[in-house]
2 protein chains.
Amino acid sequence: MSDPIFEMHAQVCKVFTSPKRLEIINAIRNSEKSAGELVEILKISQPNLSQHLAVLREKGVVAIRKEGQNIYYKIANPKIIKACDLMREVLIEKLKQDQKLAKELIKQGI
Amino acid sequence: MSDPIFEMHAQVCKVFTSPKRLEIINAIRNSEKSAGELVEILKISQPNLSQHLAVLREKGVVAIRKEGQNIYYKIANPKIIKACDLMREVLIEKLKQDQKLAKELIKQGI
DNA sequence: CCTTTGTTTAAGTATTTACTAAAATACTAA
DNA sequence: TTAGTATTTTAGTAAATACTTAAACAAAGG
């Protein structure tokens with residue numbers, strides 16, 4: 001077994017490893033949304049959405065507010081958005097770099 | 001299938017979801033290390049380490065330098081370290097918050 | 001109480017990921 | 001070329017994750 005802090009750290013980061021969870025995080029980054037609203041936005045089944053929300057809750061990256069029959073979700077810590085955005089930038093920069101390399105190879109006729 | 005950008009974003013973030021990969025990232029955050037050195041540090045088998053390095057390479061988060069028989073690994077983009085550190089802070093803050101809540105409950109005698 | 005609406009949980013299956021052991025590749029030096 | 005060291009790749013298996021369907025739970029209104 002690895003050091004428990006690395007273990008926990010890895011567990012928290014699992015919130016980012018599903019495109020649907022990333023879409024949820026993106027949908028609630030500026031304003032809270034109910035589970036029903038998220039179903040509309042993501043266009044997935046309610047149980048599937050609910051399971052992804054459960055992952056986000058268990059890892060503590062979302063906070064909830066109950067109002068009547070609705071449950072509203074929001075991001076628990078703004079650092080989550082910062083980290084998420086940074087990784088998006090890493091991806092974009094890598095894609096640009098790959099594209100640049102590809103162009104150079106084509107120019108050289110390889 | 002989700003939007004390809006969320007799909008790719010999720011793929012990149014998989015580098016953070018193994019405690020061993022986090023330990024590798026931590027080990028090379030300040031200075032490059034060879035695969036052999038990393039085996040020493042992590043205390044895992046060379047094939048297992050090599051597989052984790054392969055994940056890091058495929059996602060483009062590490063850069064390599066070959067020197068003789070050795071292959072040195074370093075972080076490809078400092079934003080990866082920033083994102084990793086932010087998620088660590090999110091974890092720490094959550095642990096502190098949980099601890100605080102637990103204390104309050106005990107004080108109330110619940 | 002019964003029904004409706006919003007949401008979660010459970011069960012089953014398919015896919016993905018991680019680990020172990022064995023084999024292969026790459027480079028260096030004798 | 002042969003041997004030795006560093007590293008990766010492959011194959012097989014065990015464990016974790018994601019999705020679908022069906023069932024359960026919770027709150028509100030008639």
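These figures come from a predicted structure and were not determined experimentally. Throughout, protein chains are lettered first and strands after them, A, B, ... in sequence-line order, and every chain is numbered starting at 1.
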message = Both A/K20 and B/L53 contact DNA chain D. Which one's nearest nucleotide lies toward the 5' end?
response = B/L53
ask   = Is there side-chain contact between B/V15 and B/V62, with heavy atoms separated by less than 4.5 Å?
value = no
task = Among residues two or more places apart or on two chains, list those pairs meeting side chain to side chain donor-acceptor pair (under 3.5 Å) that have a residue in residues 93-102 of chain A.
result = A/E93-B/N77, A/E93-B/K79, A/K94-A/D98
query = Does any residue of residues 61-71 of chain B have a heavy atom under 4.0 Å from DNA chain D, and if so, which ones, in number order?
reply = B/Q69, B/N70, B/I71
remark   = What residues 23-45 of chain A contributes to the DNA chain C interface at heavy-atom separation below 4.0 Å is A/S34, A/A35, A/G36
task = Can you run down the salt bridge (Lys or Arg N to Asp or Glu O under 4.0 Å) pairs that involve residues 33-52 of chain A, sequence neighbours left out, and say none if there aren't any?
result = none
message = Using the rule that Ile, Leu, Val, Met, Phe, Trp and Tyr join whenever any side-chain heavy atoms are under 4.5 Å apart, tell me whether B/V90 and A/V55 fall into a single cluster.
response = no
Contact pattern, 5' to 3', of nucleotides 12-17 of chain C - B, S or - by protein heavy atom under 4.0 Å = -----S
key: Residue list, side chain to side chain donor-acceptor pair (under 3.5 Å) with B/Y73, at least two apart or on another chain   = B/R57
key: Side-chain heavy atoms of B/C13 within contact of B/H9, under 4.5 Å   = yes
query = What pairs with A/N70 under side chain to side chain donor-acceptor pair (under 3.5 Å), at least two apart in sequence or on another chain?
reply = none
query = What's the CZ-P distance between B/F6 and D/dA18, to the nearest Å?
reply = 17 Å
ask   = Got a sec, which hydrophobics cluster with B/L86, joining ILVMFWY side chains under 4.5 Å apart, including via others?
value = A/L86
message = Between B/L22 and A/I5, is there a side-chain heavy-atom distance shorter than 4.5 Å?
response = no
query = Would you call B/L53 and B/L38 a side-chain contact if the rule is heavy atoms closer than 4.5 Å?
reply = yes
query = Does any pair with a residue in residues 60-69 of chain A pass salt bridge (Lys or Arg N to Asp or Glu O under 4.0 Å), and if so which ones, sequence neighbours excluded?
reply = A/E32-A/R65, A/R65-A/E67
task = To the nearest 0.5 angstrom, please state how far the CG atom of A/L101 sits from the NZ atom of A/K103.
result = 11.5 Å
key: A/H52 side chain near D/dC19 phosphate (N/O to OP1/OP2, under 4.0 Å)   = yes
Anything under 3.5 Å between a protein N or O and an N or O of nucleotides 9-15 of chain D, put it in a table, one pair a line.
unit_1: D/dT10; atom_1: O4; unit_2: B/Q51; atom_2: NE2; d: 3.0

query = Heavy-atom distance under 4.5 Å between the side chains of B/M8 and A/L95, does that happen here?
reply = yes
ask   = If we only count heavy atoms from C-beta on, is the A/F16 to B/T17 side-chain gap below 4.5 Å?
value = no
ask   = OP1 or OP2 of D/dT8 less than 4.0 angstrom from a side-chain nitrogen or oxygen of B/Y73, does that happen here?
value = yes
key: Overall bend - the helix from C/dC1-D/dG30 to C/dA30-D/dT1, comparing terminal axes fitted on five pairs, nearest 10 degrees   = 10°
key: All pairs passing salt bridge (Lys or Arg N to Asp or Glu O under 4.0 Å) where residues 9-29 of chain A contributes a residue, at least two apart   = A/R29-A/D85
